[in-house]
Amino acid sequence: MEKECIFCNIVNGKTDTRFVFEDDQLVVFKDINPHAPVHDLIVPRRHIRSINDMTDADQGLVAHMLAVGRDVAREREINASGYKLVFNVEWGGGQRIFHLHMHLLGGWKK
Ligand code: 5GP
Ligand code: ZN
């Protein structure tokens, strides 16, 4: 766990952030500044800086993040209308929190 990492603090229950879903590998919570009607963050419990730092051993974890994103989209009933699963990678790619996470965005009106 990185001491100054906000997502490590959230994952470790050091904030009052409510989890939409959690398991042994990751947690899901609502984005504090949503960019879509549904905007959740899928966040591994383990501190990995970005997709650039993903190793071959992390492939199962990233596949699990995708599967959980799909399942949460279904639970939120945005699976049929459609959604985005987004990784921002490093500063130029829009990443501002340097603890790996995937955005689930959807729920726009037709
Ligand atoms: P990034 O730009 O790094 O891909 O996305 C980071 C996201 O985390 C942003 O959409 C931002 O609104 C969200 N965020 C930052 N701090 C917090 C926080 O303390 N709680 C929650 N729920 N979301 C946060
Ligand atoms: Zn972290």
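For ligands, and for the atoms within them, numbers begin at 1 and follow the listed sequence.
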So the atoms of ligand 1 within less than 4.0 Å of a heavy atom of His101 turn out to be 1 (P), 3 (O), 4 (O), 5 (O), 6 (C)
Looking only at heavy atoms of Thr15, does any of them come nearer than 4.0 Å to an atom of ligand 1?
-> no
If you measure every N/O of Phe29 against every N/O of ligand 1, is any gap under 3.5 Å?
-> no
So how far is it from His103 NE2 to Gln95 CD, rounded to the nearest 0.5 Å?
-> 8.0 Å
Region of Ile32 engaging ligand 1 - heavy atom pairs below 4.0 Å = both
His39 N/O to ligand 1 N/O under 3.5 Å | no
For Gln95, is at least one N or O under 3.5 Å away from an N or O on ligand 1?
-> no
Does some non-hydrogen atom of Thr17 fall short of 4.0 Å from ligand 1?
-> no
If the Zn ion (ligand 2) is the vertex, what is the angle to ND1 of His47 and ND1 of His99, rounded to 10 degrees?
-> 100°
Please work out whether any backbone atom (N, CA, C, O) or any side-chain heavy atom from C-beta onward of Phe7 is under 4.0 Å from ligand 1, and answer side chain, backbone, both or neither.
-> side chain
Any N or O of Gly94 closer than 3.5 Å to N or O of ligand 1 | yes
Min over Arg96, Met102, His99, Lys30 of heavy-atom distance to atom 3 (O) of ligand 1 lands on Arg96
For Asn88, take its heavy atoms, then give the atoms of ligand 1 lying under 4.0 Å from any of them.
-> 1 (P), 2 (O), 4 (O)
Closest protein heavy atom to atom 9 (C) of ligand 1, given as residue, atom name and distance to 0.1 Å | Asp31 OD2, 3.3 Å
Do any heavy atoms of Phe98 fall under 4.0 Å from ligand 1?
-> no
For ligand 1, is there an atom lying under 4.0 Å from some heavy atom of His35?
-> no
Start with the C-alpha distance between Ile42 and Val72, add both sets of side-chain angles, then the distance that settles side-chain contact (heavy atoms from CB on, under 4.5 Å), and finish with yes or no.
-> CA-CA 10 Å; Ile42 292 95; Val72 173; 5.6 Å; no
